[in-house]
Amino acid sequence: MSNLVRISMSLEDTLLERFDQQVREEGYPTRSEAIKALMRQNLATREWTQNERVAGSVTLVYDHHRGGIVKKLMDVQHDYGSVIVSTQHVHLDHDHCLEIIVVKGEAAQIRELVSVLKSTKGVKHNSLVMTSIGENLT
């Protein structure tokens, strides 16, 4: 475990009140834990903007009756196999499917994959959850 360092901050009382409310609502045991979570989130976001090795998940909802969409999505996934760790396919109803694609690799290549997937005709919704692979987070 790393050494702990104490810091102090100066900020407006209204900002602290709002933050304390958020700490309570989100169930953090202390302000310190909430601030550490915010710092880690910021560092993970930075990894994505600096093209570091990152991880995440891409979620797609699409109409599988749309001509050729299943083949197109499969072809794209094969093209980006170097960053795709796994996929899960769920039948939502008679017409719609949910695809969850777990990714890990260089941020730029993952963003490129997401761009290709979301621009595929028949994809109704997409979402990217970005995270760190954890190497630089303590």
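Every value quoted in this text rests on a predicted model; they were computed, and no experiment measured them. These values consider heavy atoms only, across backbone and side chains, with no hydrogens, waters or symmetry-generated copies.
- Remark: E47 CD to N42 CG distance equals 10.5 Å, nearest 0.5 Å.
- By the neighbour-count criterion of 12 heavy atoms within 6.0 Å, atom CZ of R66 is sparsely surrounded, having that number or fewer from other residues, nucleotides or ligands.
- Between E112 atom CD and Q109 atom CD the span is 6.5 Å, to the nearest 0.5 Å.
- By the 30° and 60° cut-offs, the orientation of the rings of H94 relative to H64 is perpendicular.
- Inter-residue side-chain proximity for V116 and Y80 is flagged as met; some heavy-atom pair is nearer than 4.5 Å.
- A donor-acceptor contact shorter than 3.5 Å is absent between the side chain of S115 and the backbone of R111.
- The distance from the CD atom of Q77 to the OG1 atom of T87 is 5.5 Å, given to the nearest 0.5 Å.
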> Could you walk me through whether I35 and M9 pass the side-chain contact (heavy atoms from CB on, under 4.5 Å) check?
Replying inline: CA-CA 12 Å; I35 290 170; M9 302 172 70; 4.3 Å; yes
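- Atom CG of L60 and atom NE2 of H96 lie 13.0 Å apart (nearest 0.5 Å).
- Closest approach of T131 to V54, counting heavy atoms only: O-CB, 3.6 Å.
- With rounding to the nearest 0.5 Å, the separation of CG in L128 from CH2 in W48 is 5.0 Å.
- H125 NE2: 12 or fewer foreign heavy atoms inside a 6.0 Å radius.
- A 4.5 Å side-chain heavy-atom check between L73 and V123 finds at least one atom pair inside the cut-off.
- Between R18 and T14 there is no side-chain heavy-atom pair separated by less than 4.5 Å.
- Remark: side-chain polar atoms of R31 are not paired, donor with acceptor, to backbone N or O of L16 under 3.5 angstrom.
- Between R24 and Q21, the side chains place a donor N or O and an acceptor N or O closer than 3.5 Å (distance only, hydrogens not considered).
- Residues satisfying the side-chain contact (heavy atoms from CB on, under 4.5 Å) test with E106, not counting sequence neighbours, are N51.
- Note on V61 and L113: separate hydrophobic clusters, where clusters join Ile, Leu, Val, Met, Phe, Trp and Tyr whose side-chain heavy atoms are under 4.5 Å apart, directly or indirectly.
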